[in-house]
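Here is the naming used below: chain letters follow the sequence lines, and residue numbers restart at 1 for every chain. Quantities reported herein were computed from a predicted structural model and do not represent experimental measurements.
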Protein chains: 2
Amino acid sequence: MSVSIKDIAKRVNRSITTVSRALNDYDDVSPETKQLILKTAKEMGYSPNTFAQRLQKQQSDTIGLILPTFSPRFSDPYFSELLAGIGNKAADLGFDLLVSTRSPGFEENKAYEKMVEGGRVDGFIVVRTRNQDTRIEYLLSKNFPFVAFGRTDDCNRFSYVDEDGYYGMQLVAEHLVGLNHDVIGCITPKPDLAFTEKRIAGLRDGLEKYNIKLDPAYIKAGDLTQRSGYELGAELLDLSETPTAIVACNDLMAFGVMSAVQERGLVVGKDVSVTGFDDIPMSEYSHPPLTTVHQPVYQIGSMVCEMLVKIIRDELSEHQQILLKPSLIERQSTGIYDKRAI
Amino acid sequence: MSVSIKDIAKRVNRSITTVSRALNDYDDVSPETKQLILKTAKEMGYSPNTFAQRLQKQQSDTIGLILPTFSPRFSDPYFSELLAGIGNKAADLGFDLLVSTRSPGFEENKAYEKMVEGGRVDGFIVVRTRNQDTRIEYLLSKNFPFVAFGRTDDCNRFSYVDEDGYYGMQLVAEHLVGLNHDVIGCITPKPDLAFTEKRIAGLRDGLEKYNIKLDPAYIKAGDLTQRSGYELGAELLDLSETPTAIVACNDLMAFGVMSAVQERGLVVGKDVSVTGFDDIPMSEYSHPPLTTVHQPVYQIGSMVCEMLVKIIRDELSEHQQILLKPSLIERQSTGIYDKRAI
DNA sequence: AGTATATACCAAAACGTTTTGGATGTCAAT
DNA sequence: ATTGACATCCAAAACGTTTTGGTATATACT
């Protein structure tokens, strides 16, 4: 079928050892032979058999990524961007990316075990960390290379990149207070996600600096989808004292909230302000454009991938922990709250 | 390191041949031995080395998918859904999915060649077909298994799944005519994409049935992003005779158009109607919810993947060509056009 | 008793690489 | 003439499977 190192060896009258070493640019093969071999390899259209290489080298040159999605259909643009960031960097570094999607739970753990035990991947990227994260426990117990995007309760035992959600939400709080808002609703993800409490705390503390209380009745837990933003947004708007601003913990839910607001004939950014978190590409072109906290997800993907490859190659002596300061992007979904208006 | 077939063989005092055959459920090994081997394999935590298997079997059990994205950051929810559909089906069938993103052009072709020549994948899924599609030409010339999502000029030489865009756009045309619209703008992708002209033709012919002309000046070519929908939508709205309805060839551009409309203080679905194509999950929760043509992208992903695996396994005697009839989802972004209003 | 058939097993080759541990030849220094 | 150093090359083993082409034993049929 396809041409192998053996075919080249035959053609140039050298051993397969020499051909292999020439192709890998070892210096115990004469420049002329090297030239010749490289040339004929190209002529014959040689390209190495990845599986033979991996079998022999006992490494997979593959990074594993298991996306935790609730439905099998994942359509969070946030993940697409992350995926692109990781995937492109992996390709640059000569790694394959093995992706699958599993919803959190037993099957998910199985998937990790299978990939680790089958020698299928050299390392993992764990995303959307949880407070007691069985994935991380497992990988630590096996001493298997991984990098997390996000922290856990006890996270100085591994390398991670995370955005400072506490800080980001304080920016949101300050922004809203500056616009006269004082009744604030918040739509969060499920509490087991590691970033949930950090973001709530950031908002709460940020508001308390200005003596505004975040009423627990005004905190609703959703599932990060637009649908849940819509439904919980509606619940918040139906409370006796309507919130003047609703803070969603991701952009997708914020879009849902905006729909709920607009459905009631209210104007987003005037009657009710809405904020998001992530700054996915769509947020710039929603109506109105969304005020949100910018996370450089694509770059985070690159960074995480790069760190992992360093760990795999043993170039990292100790755990590296990176916390990124996000920034607030002010657009038109937030505005001054005018007491007279309602 | 990890346990191999050899370790099991030693433990149960059989040859590695027997162990291998037991694990693969051959019937020339006695039930007792088979039992014993299966049991010890589980006990020892054996899982086969994928690369050794693939090297020996001379197949990769891997499907290649190269997403043609213009920027490296792809965030079209359409692709995420397709990816999920393909990926989950591939996993079910025991295949890996090797994904990368390349923008159309030289590098993209290189990527295909590399994967084919390196024996890296057993087959390809080619998405978003183009009129003269070099990817398809290449794969045909190599006689390499693939399935396309979309057709080309000359497409009875391979298997594909496609949605009937011509039909879908006729539905849109009928819907809009039924709502009294008569000045219609259209925002398309670049003309080299195979579906572009089909969709335009569907719209044009659909309108002509009711004696409404689609003025070429009202057709603008974008790049499928929200941004380009926004910009080209603005151009259409600035024409001397403002369109009463704008038809976008995908949902993302439709969102952009809605922003442009709303920015001018006009109401979508009343002053200007807007339609999309794809029915991505967000479309149900945009404001207003988007009238669009539904494509079952997730299922299409599954189907395409299943077809490809059949081709790889030689279970398909001749090319299979599937054309899906899409359906119109009427939501609130379209409404009756009332001449007096403007 | 001899032949055929079925059952249970296995040694060795193969897949395409890389790596190990030399071998051979040349040249310069002793 | 030896020795050592260096440059260039290679045979064979190894990675972990599956497959090929058997063998050996027991049972059943003439």
Side-chain angles (χ1 to χ4, degrees), chain A residues 1-38 40-41 44-62 94 96 114-122, chain B residues 1-38 40-41 44-62 94 96 114-122:
Chain A
M1 280 258 47
S2 68
V3 2
S4 79
I5 227 175
K6 208 185 283 183
D7 303 320
I8 302 178
K10 210 165 291 171
R11 179 88 82 96
V12 298
N13 258 324
R14 295 293 135 93
S15 73
I16 60 170
T17 308
T18 303
V19 175
S20 170
R21 303 189 74 97
L23 292 172
N24 289 293
D25 206 27
Y26 277 64
D27 54 7
D28 64 349
V29 25
S30 76
E32 300 83 46
T33 334
K34 204 178 274 184
Q35 271 300 97
L36 176 64
I37 289 177
L38 256 36
T40 37
M44 300 176 75
Y46 168 77
S47 68
N49 180 306
T50 325
F51 301 121
Q53 287 181 317
R54 291 179 179 177
L55 174 59
Q56 150 66 30
K57 290 219 194 145
Q58 288 293 87
Q59 57 180 37
S60 65
D61 288 335
T62 302
D96 280 352
K114 204 174 147 200
M115 287 200 193
V116 169
E117 257 126 59
R120 200 55 206 80
V121 299
D122 291 340
Chain B
M1 279 258 48
S2 67
V3 1
S4 79
I5 227 176
K6 209 184 283 183
D7 302 321
I8 302 180
K10 211 165 289 170
R11 179 87 83 94
V12 298
N13 258 323
R14 294 294 136 92
S15 73
I16 59 170
T17 308
T18 304
V19 175
S20 170
R21 302 188 76 97
L23 292 171
N24 289 292
D25 206 27
Y26 277 64
D27 55 6
D28 65 349
V29 25
S30 76
E32 301 83 48
T33 333
K34 205 179 273 184
Q35 270 301 97
L36 175 66
I37 289 176
L38 254 38
T40 36
M44 299 177 73
Y46 168 77
S47 67
N49 180 305
T50 325
F51 301 120
Q53 287 182 318
R54 292 180 179 177
L55 174 58
Q56 151 65 31
K57 290 219 194 143
Q58 288 294 88
Q59 58 182 36
S60 65
D61 287 335
T62 302
D96 281 352
K114 204 173 148 200
M115 288 201 192
V116 170
E117 257 126 59
R120 202 51 208 81
V121 300
D122 291 340

Rounding to a whole Å, what distance do you find between B/Asp28:CG and D/dA24:P?
-> 17 Å
Are any of A/Tyr26's side-chain N or O atoms less than 4.0 Å away from OP1 or OP2 of D/dT8?
-> no
Nearest-Å distance, CG (A/Asp27) to P (D/dC9)?
-> 13 Å
Given D/dT17, D/dT19, D/dC10, which nucleotide is nearest the side-chain atoms of A/Thr18?
-> D/dC10
List the steps, then state whether side-chain contact (heavy atoms from CB on, under 4.5 Å) holds for A/Thr62 with A/Asp122.
-> CA-CA 6 Å; A/Thr62 302; A/Asp122 291 340; 5.9 Å; no
C/dT17 C1' sits how many Å from A/Arg54 CZ, rounded?
-> 13 Å
Rounded to whole angstroms, how far apart are CZ on B/Arg21 and P on C/dA11?
-> 14 Å
Identify which nucleotide among D/dT19, C/dT18, C/dC15 has an atom closest to any side-chain atom of A/Lys57, counting heavy atoms from C-beta outward.
-> C/dT18
Quick one: B/Ile5 CD1 to C/dA11 P, roughly how many Å, whole number?
-> 14 Å
Rounded to whole angstrom units, what separation is found between the CG atom of A/Asn49 and the P atom of C/dT18?
-> 10 Å
Examine D/dG16: is either OP1 or OP2 under 4.0 Å from a nitrogen or oxygen in the side chain of B/Ser4? Give yes or no.
-> no
Nucleotide of C/dC15, C/dT17, D/dT20 approaching B/Leu55 most closely (side-chain heavy atoms) = C/dC15
OP1 or OP2 of C/dT18 sitting under 4.0 Å from any side-chain N/O of A/Asn24?
-> yes
With a non-hydrogen cut-off below 4.0 angstrom, is B/Ser20 in contact with a base, only sugar-phosphate, or nothing?
-> base
Does A/Thr17 have a side-chain nitrogen or oxygen under 4.0 Å from the phosphate oxygens OP1 or OP2 of D/dA12?
-> no
Please determine, for the side chain of A/Val29, which listed nucleotide (C/dC15, D/dC9, D/dT19) has the closest atom?
-> D/dC9
Interatomic distance where CG belongs to A/Leu36 and C1' belongs to D/dT8 [whole Å] = 14 Å
Is the number of heavy atoms from other residues, nucleotides or ligands under 6.0 Å of B/Arg120 CZ greater than 12?
-> yes
Side chain of B/Ser15 only, please: which of D/dC9, C/dA11, C/dT17 is the nearest?
-> C/dA11
Taking all non-hydrogen atoms of both residues, which atom of A/Leu38 and which atom of A/Ala22 are closest, and how far apart?
-> CD1-O, 4.1 Å
Between C/dC9, D/dT8, C/dT19, which nucleotide has the shortest distance from any of its atoms to the side chain of A/Gln56?
-> C/dT19
Stepwise, does the side-chain contact (heavy atoms from CB on, under 4.5 Å) test hold for A/Lys34 with A/Asp25?
-> CA-CA 8 Å; A/Lys34 204 178 274 184; A/Asp25 206 27; 3.1 Å; yes
Which is it for A/Arg54 and A/Asp96 under the side-chain contact (heavy atoms from CB on, under 4.5 Å) test, yes or no, and what are the steps along the way?
-> CA-CA 12 Å; A/Arg54 291 179 179 177; A/Asp96 280 352; 3.0 Å; yes
Just wondering, are more than 12 heavy atoms of other shown residues or ligands nearer than 6.0 Å to CG in B/Asp27?
-> no
May I have the distance from A/Ile16 (atom CD1) to D/dT8 (atom C1'), rounded to whole angstrom?
-> 17 Å
Given D/dT8, C/dC15, D/dC10, which nucleotide is nearest the side-chain atoms of A/Arg14?
-> D/dC10
Any side-chain N or O of A/Gln53 less than 4.0 Å from the OP1 or OP2 oxygen of C/dT18?
-> yes
